[in-house]
Amino acid sequence: MSLTVVNEISKVRELVKQYKKEGKTIALVPTMGCLHDGHKSLMEKAHSIADITIISVFVNPIQFCPGEDYDKYPRTLDADKIVAQHAGVDVIFAPSVNEMYPNLQKFSDLTMVVPPYELTDIMCGKSRLGHFDGVETVVSKLFNIVQPDYACFGMKDIQQLFLIKKMVRDLNFPVEIVPCPLVREASGLALSSRNKYLSDSQKTIALTISKSLFAIRDMFKAGIKDTKKLFDTGLTNLDKNVELEYLEFVDKDSFKQVAEIKSTTICAMAARVGNVRLIDNVVLEV
Ligand code: AMP
């Protein structure tokens with residue numbers, strides 16, 4: 001099937017109505033575009049589980065905090081179409097900001113979906129105030145617009161994945177969330193649209209983020225369960241030019257901080273290299 005690009009909510013709804021009439025299942029992959037092999041793995045997964053794959057390409061203004069990179073976030077729709085086509089995508093939904101939020105200048109007037117404070121007062125939610133309110137709101141809108149049977153999310157954004165799964169349970173969205181593994185460059189660097197901002201020398205520095213997480217995983221596999229010791233190993237392996245925002249150990253199922261690892265734990269990091277904020281994580285399997 002050929003790729004269709006639509007910008008209007010009404011158009012994507014028409015298509016969805018037709019697909020449903022034909023008894024076809026739909027998988028959605030929400031993205032902000034600037035597609036790379038990480039996104040591609042989600043689209044391929046979607047293509048393998050549903051009859052129709054729809055991706056959204058939308059740089060969602062309400063999930064950016066003041067001073068973040070909303071204005072300069074890379075917008076590369078023409079290149080994205082090619083990546084999407086190769087990954088078997090049927091429809092790209094690429095709405096304008098006005099299409100999604102016709103009244104955005106009156107932001108306080110928007111109905112929002114807000115995750116519980118105790119789950120956002122850690123990790124990315126702590127430094128990016130309101131970020132996950134913006135994410136859950138846009139994902140809810142996308143679920144209502146596309147009404148997918150499946151929605152694929154990457155484990156790269158591990159706190160986001162956790163919160164979306166909880167939102168779907170709490171609000172009874174009739175969609176199955178499909179977690180997809182984190183995809184890395186051969187060097188180990190986690191793929192991210194923001195890697196585009198890195199110079200070659202910054203990339204070398206950024207590589208110590210995954211190196212540090214892998215060192216933690218190796219130590220854990222060697223039998224160290226004390227997260228204080230694992231934390232120190234992480235710090236030792238980080239380049240001194242990496243500005244650490246957090247390095248947290250949280251239980252995979254509750255996202256509560258862990259002192260001694262007794263059940264499967266996520267070790268997640270956010271750090272800045274220059275002005276570029278990067279996130280990465282490894283799963284410490286028990
Ligand atoms: P974004 O465009 O950054 O909002 O990401 C859209 C989706 O792609 C999210 O579910 C991300 O978790 C996922 N994603 C981004 N980078 C990667 C990666 N390196 N590996 C796997 N999934 C990814």
Side-chain angles (χ1 to χ4, degrees), residues 27-49 53-65 68-70 72-77 79-81 83-84 87 89 92-95 97 100 123-125 128 131-143 146 148 150-168 175-198 203 206-207 209-210 213-214 266 268-271 276-283:
L28 172 69
V29 182
T31 83
M32 296 205 299
C34 191
L35 302 179
H36 50 65
D37 282 352
H39 297 113
K40 194 163 172 229
S41 71
L42 270 59
M43 298 185 261
E44 285 170 348
K45 178 69 185 176
H47 185 62
S48 74
I49 55 179
T53 300
I54 301 183
I55 72 165
S56 55
V57 172
F58 180 60
V59 184
N60 176 34
I62 68 165
Q63 71 185 67
F64 287 79
C65 301
E68 288 189 345
D69 57 344
Y70 172 69
K72 73 165 193 175
Y73 197 86
R75 289 153 170 93
T76 58
L77 189 59
D80 291 347
K81 287 180 198 167
V83 180
V89 170
I92 297 182
F93 173 49
V97 171
M100 289 296 273
M123 297 166 60
C124 294
R128 304 188 75 190
H131 167 69
F132 288 116
D133 303 0
V135 169
E136 293 210 344
T137 301
V138 79
V139 170
S140 301
K141 283 169 73 75
L142 291 168
F143 285 173
V146 175
Y150 308 95
C152 300
F153 287 87
M155 290 176 67
K156 156 107 182 334
D157 298 79
I158 196 78
Q159 190 177 13
Q160 167 176 285
L161 172 63
F162 178 81
L163 290 171
I164 296 286
K165 284 204 289 204
K166 179 163 170 56
M167 177 188 83
V168 162
V175 59
E176 183 182 326
I177 301 303
V178 181
C180 300
L182 194 162
V183 179
R184 301 178 180 281
E185 279 186 0
S187 66
L189 183 69
L191 289 177
S192 163
S193 305
R194 290 188 169 98
N195 291 353
K196 280 220 157 124
Y197 301 145
L198 296 170
K203 225 171 172 184
L207 260 181
I209 293 174
S210 53
L213 290 169
F214 296 161
I266 310 283
M269 189 188 300
V276 188
R277 185 177 181 278
L278 300 167
I279 57 171
D280 196 350
N281 68 81
V282 289
V283 182

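Remember, it's 1-based here, ligands and their atoms both numbered in the order they're listed. In this chain, residues are counted from 1 in sequence order.
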Do Tyr197 and Asp69 make a side-chain contact, defined as non-hydrogen atoms from C-beta onward lying under 4.5 Å apart? yes
Measure the distance from atom 13 (C) of ligand 1 to every protein heavy atom, then report the residue, atom name and distance (to 0.1 Å) of the closest one. Leu42 CD2, 3.7 Å
Which bit of Arg184 gets closer than 4.0 Å to ligand 1, counting heavy atoms only: side chain, backbone, both or neither? neither
Using a strict cut-off of 4.0 Å, indicate which atoms of ligand 1 neighbour a heavy atom of Thr31. 2 (O), 6 (C)
Are the side chains of Met167 and Phe143 in contact, using a 4.5 Å heavy-atom criterion? yes
State, yes or no, whether a side-chain contact exists between Leu161 and Lys165 at a heavy-atom distance under 4.5 Å. yes
Please work out, at 4.0 Å between heavy atoms, whether the side chain, the backbone, both, or neither of Pro30 comes within that distance of ligand 1. backbone
To which protein heavy atom is atom 16 (N) of ligand 1 closest, and what is the distance rounded to 0.1 Å? His36 CE1, 3.2 Å
Contact check, side chains of Arg184 and Asp280, non-hydrogen atoms, under 4.5 Å: yes
So for Pro181 against ligand 1, with non-hydrogen atoms under 4.0 Å, the contacting part is backbone
Which atoms from ligand 1 have a heavy atom of Leu191 less than 4.0 Å away? 16 (N), 17 (C), 18 (C), 19 (N)
Without swapping roles, check the side chain of Asn195 against the backbone of Lys203 for a donor-acceptor pair under 3.5 Å. no
All N/O donor-acceptor pairs, side-chain side in residues 35-46, below 3.5 Å, sequence neighbours left out:
from	atom 1	to	atom 2	distance (Å)
His36	ND1	Gly38	N	2.9
His39	ND1	His36	N	3.0
Ser41	OG	Gly38	O	2.7

Mind checking whether Lys156 has an N or O less than 3.5 Å away from an N or O of ligand 1? no
Would Met32 count as a polar contact of ligand 1, with the cut-off being nitrogen or oxygen pairs under 3.5 Å? yes
Could you say whether the N/O atoms of Val183 and ligand 1 ever approach to under 3.5 Å? yes
Tell me whether Phe153 has any N or O atom under 3.5 angstrom from an N or O of ligand 1. no
Can you pull out the closest protein heavy atom to atom 12 (O) of ligand 1? Residue, atom name and distance to 0.1 Å, please. Asp157 OD1, 2.7 Å
Before signing off on this row, confirm whether Gly154 and ligand 1 have an N or O atom pair separated by under 3.5 Å. yes
Any non-hydrogen side-chain atom of Ile279 less than 4.5 Å from a side-chain atom of Gln160? no
Any N or O of His39 that comes nearer than 3.5 Å to an N or O of ligand 1? yes
Is there side-chain contact between Val59 and Phe64, with at least one heavy-atom pair below 4.5 Å? yes
Relative to the heavy atoms of Leu182, which atoms of ligand 1 are at a distance of less than 4.0 Å? 20 (N), 21 (C)
Just jot down the side-chain contact (heavy atoms from CB on, under 4.5 Å) partners of Asn60, sequence neighbours excluded, or say none. Phe58, Ile62, Gln63, Tyr101, Val138
Would you check if the side chain of Thr137 reaches a backbone N or O of Gly134 as a donor-acceptor pair within less than 3.5 Å? no
